[in-house]
Amino acid sequence: MEKSRVPSARKDGRVIIHFDYDCFYASVFEAQTPALKSLPFAVQQKQIIVTCNYEARRRGLYKLQLIRDARRMCPDVVIELGEDISRFRDASKELYSFLKAFSWSGKVERLGFDEVWLDVSDIVDYNRQLLNRHDLAQSFFQTSRDDPMEGFSFNASKLAGHPYPQNYKRADVTGVVDDLTMRMFLGSHLAQHMRHQLEEQKGYTSTVGIGTTKLLSKLVGNLNKPKGQTTVMPPLDSSIDGPGNAQAFLDRHEIGKIPGIGFKLAQKLRDFILQRPAAFDTGLVYGGTKENVTIADIRGHAEVNPEMLERLLSGPGSPYGIGYKVWCLLHGVDDTEVSQAKAVPSQISIEDSYIRLDTMPELLQELDALAKSLVSRMRVDLLVEEESASKEDDLRSEPVDRALHQVTSKKWLAHPKTLRLTTRPRLPLQPDGTRIRSFKRISHSAPLPNFIFGLSESVDSLAERLVREALIGMFRKLHPEKSGWNLSLVNLAVTNMAETAGESKTAKGRDIGNMFKRQDDVLKDFQVREVSPSPAEGSELETQVVTGGGWDEDVELGDDDLECCGDCGTRMPPFAMVAHRRFHLPAVPALQNHCT
DNA sequence: CTGGGGTCTT
DNA sequence: AAGACCC
């Protein structure tokens, strides 16, 4: 019997939760000063509102808005300065640790200060096998591997939070669920539990997405903001019956909204689809576009395939294999792992921007201030209490002794080897008196002097030495002219961390996924997936719910509504054509997708 | 008069 | 050292 075969690339064996703390910078201030919550409140850096709470958004304020516009729009807005980001970093670390404590695998990845992914596949799989399928409504979710009493009660026949698609037919109506559906249910309950704990114990609300990949979990969360959660439900795969929910969901997105496709790639793709240069938004929003080109527009284009994308998108600065990577993203394929928590950052940097910085005395003052911050931050982020060298240390009973001891028992987690100075020169005036704004940076690196690690010297004096003995010389390399420069930004960084022996690089070694080139890693897995559902394997849980597709079920299609495939002439409804077209396209690699 | 951070790749 | 990407 010949089964219908469709190339597939989905690997949906994982359950991934994506957290996004609601208006994070504003929430940090609100946690400290709850009265702000009921007011329109915004956080300012230089002349910009970097974020604002929802009370402010209700009055029209938005992220990255100019202060002047914000005040005009909402004169009573309360504004706090957030240029010193220490408090945000501290809060971010605290919340990250809190969430990480739920993980069994250590696969917990932070993006920026306010986003965290967790791969909770192991927790979900463990709990799936604990379920009593005759009484799903009275289930208990075990959050600890060791303690069967730790956890929460929940109804495993229902999803927690919102589904995608919205009209998803719930299992409590149909009564049966397949494995993937059950895993998404479990993921949604775990996510809800964590979200509530985060709010109750830390005072932060968050927006959450649950999916089988980093890409889907992150994007789907956006559907219910703020303090909501959304799960991408099966069937994820496109089949002869129609596009899967993963593709249906992605298809509506403007190309620039896809993580991994930044401004440059998005512009190239828009230009190609429109066959002319796409107009981009000159307003303040960075990736803004006036031309909406969607994933569907690109994916459905006859000439688009991985090789063509490689030709279109590669260029200076673009990584090898970009065409294939984008091709995967267009199809909702994202095999990237949630990376292991890192013990140390790969870089620490401090920067400030200036309307004008063009004299040596001012520069020295700024370098000094930046260097002080940098040394302080090195001590915060790279210094840990040393493990006690002897038992006496632990048994020491006098608090004073303890305090004294601690001062002298700090240890560097890592020694950065490189110091980097970056500037952003302001371009000279044009002949016509206007100025081209440039965001180009130039940098110079040098070995980081060892004295910086001394703990007996004060931060201030170390900073002064750093300026005199290293930074001034580095600045001369960048700007050999005695004068005439004008900087709009200065950044000081330490990089190239040499981690101290004995400390593992991550909680559990390197992220294996990142050690392979995506392409090599994925291509060797190429297989064709059989789409016909395999017979239910005994249990009711294996029975598939197939009624909740992402298209309108009751639409009758007349002959006029059929489309004709340009390659083989087969006629079929438009929704089926989506899947059918993939027959004729270079295949995306696939894995067997049956989750057992 | 577009922040202050980060990551990774070439 | 620079350029892409992320927040």
Side-chain angles (χ1 to χ4, degrees), chain A residues 18-21 23-25 42-51 63-70 81-89 92-93 109-117 214-215 218 256-268 281-288 313-322 325-326 329 336 339 342 344-356 370 373-374 377 381 418 420-424 426 435 437-446 474 477-478 488-497 511 513-515 517-518:
Chain A
H18 177 260
F19 275 82
D20 187 334
Y21 314 135
C23 40
F24 181 57
Y25 283 12
V43 180
Q44 172 182 10
Q45 285 176 336
K46 297 297 184 306
Q47 62 269 44
I48 276 187
I49 299 286
V50 283
T51 197
K63 287 180 186 177
L64 305 184
Q65 186 178 30
L66 285 175
I67 292 288
R68 142 167 51 86
D69 298 342
L81 209 59
E83 289 164 19
D84 178 349
I85 62 167
S86 312
R87 65 175 84 215
F88 310 132
R89 183 182 299 104
S92 176
K93 279 184 173 178
E109 181 179 347
R110 209 164 56 136
L111 181 58
F113 285 177
D114 68 337
E115 293 184 23
V116 176
W117 278 283
K214 287 173 70 178
L215 176 71
K218 175 173 170 142
K257 294 279 203 287
I258 304 305
I261 300 187
F263 177 76
K264 298 270 180 169
L265 290 179
Q267 276 303 101
K268 285 184 183 175
D281 212 337
T282 50
L284 265 177
V285 182
Y286 290 72
L313 302 176
S314 65
S318 70
Y320 176 73
I322 185 65
K325 185 185 155 193
V326 168
L329 288 178
T336 57
S339 62
K342 277 182 190 151
V344 296
S346 53
Q347 132 188 344
I348 295 174
S349 78
I350 300 285
E351 70 186 47
D352 205 346
S353 60
Y354 311 91
I355 292 176
R356 186 178 144 191
L370 292 170
S373 297
L374 185 65
R377 280 217 31 224
D381 291 351
T418 306
R420 187 182 62 212
L421 173 66
T422 305
T423 65
R424 188 175 68 192
R426 183 168 272 114
R435 198 191 293 278
R437 283 193 303 180
S438 163
F439 293 91
K440 286 215 161 88
R441 297 172 180 218
I442 52 177
S443 69
H444 186 75
S445 297
M474 293 167 71
K477 300 254 185 184
L478 274 181
S488 63
L489 176 139
V490 178
N491 176 302
L492 226 50
V494 289
T495 65
N496 208 353
M497 305 285 178
D511 171 20
N514 280 340
M515 296 175 66
K517 281 251 178 269
R518 268 185 72 80

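Just so it is clear: chains get the letters A, B, ... in the order the sequence lines come, proteins before strands, and each one is counted from 1. Not measured: the values here are computed from a predicted model.
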> Is the distance from OP1 or OP2 of dA4(C) to the nearest side-chain N or O of Arg441(A) less than 4.0 Å?
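Answer no for this pair, as no side-chain N or O of Arg441(A) is under 4.0 Å from OP1 or OP2.
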> Within the pair Arg89(A) and dG4(B), is there a side-chain N or O less than 4.0 Å away from OP1 or OP2?
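The answer is no; no side-chain N or O of Arg89(A) sits under 4.0 Å from OP1 or OP2.
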> Is the shortest side-chain N/O distance from Lys46(A) to OP1 or OP2 of dG4(B) below 4.0 Å?
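Checking dG4(B) against Lys46(A), a side-chain N or O does come within under 4.0 Å of OP1 or OP2.
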> Side-chain N or O of Gln47(A) less than 4.0 angstrom from OP1 or OP2 on dG3(B)?
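Checking Gln47(A) against dG3(B): at least one side-chain N or O falls below 4.0 Å of OP1 or OP2.
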> Whole-Å distance between dC6(C) C1' and Tyr21(A) OH?
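The distance from OH of Tyr21(A) to C1' of dC6(C) comes to 16 Å, rounded to the nearest Å.
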> Under the rule for salt bridge (charged side-chain N to carboxylate O under 4.0 Å, His left out), what residues qualify as partners of Arg420(A), not counting sequence neighbours?
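Checked Arg420(A) against salt bridge (charged side-chain N to carboxylate O under 4.0 Å, His left out); zero matches.
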> Can you figure out which of dA4(C), dT7(B), dG5(B) approaches the side chain of Lys264(A) most closely?
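For Lys264(A), the side-chain atoms sit closest to dA4(C).
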> Using a 4.0 Å heavy-atom cut-off, does Lys477(A) contact any base of the nucleic acid, only the sugar-phosphate backbone, or nothing at all?
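The residue Lys477(A) makes no contact with any strand.
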> From Asp20(A) CG over to Leu111(A) CG, what is the distance, rounded to the nearest 0.5 angstrom?
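Here the interatomic distance stands at 9.5 Å.
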> Look at all strands and tell whether Leu265(A) reaches a base, only sugar-phosphate, or nothing, counting heavy atoms closer than 4.0 Å.
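Sugar-phosphate only.
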> Tell me what Gly260(A) touches on the nucleic acid: a base, only sugar-phosphate, or nothing, going by heavy atoms under 4.0 Å.
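Contact class for Gly260(A): sugar-phosphate only.
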> Which is true for Leu489(A) with a 4.0 Å heavy-atom rule: it touches a base, it touches only sugar-phosphate, or it touches nothing?
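Counting heavy atoms under 4.0 Å across all strands, no contact is made by Leu489(A).
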> Name all residues meeting the ring-ring contact (aromatic ring centres under 6.0 Å, His included) criterion together with Phe113(A); count only those two or more places apart in sequence or in a different chain, and write none if there are none.
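Testing Phe113(A) for ring-ring contact (aromatic ring centres under 6.0 Å, His included), a comparison that skips the adjacent residues, returns none.
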> For Ile85(A), answer base if it contacts any base atom (sugar-phosphate contacts may also be present), sugar-phosphate if it contacts only those atoms, and nothing otherwise; contact means non-hydrogen atoms under 4.0 Å.
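It contacts sugar-phosphate atoms only.
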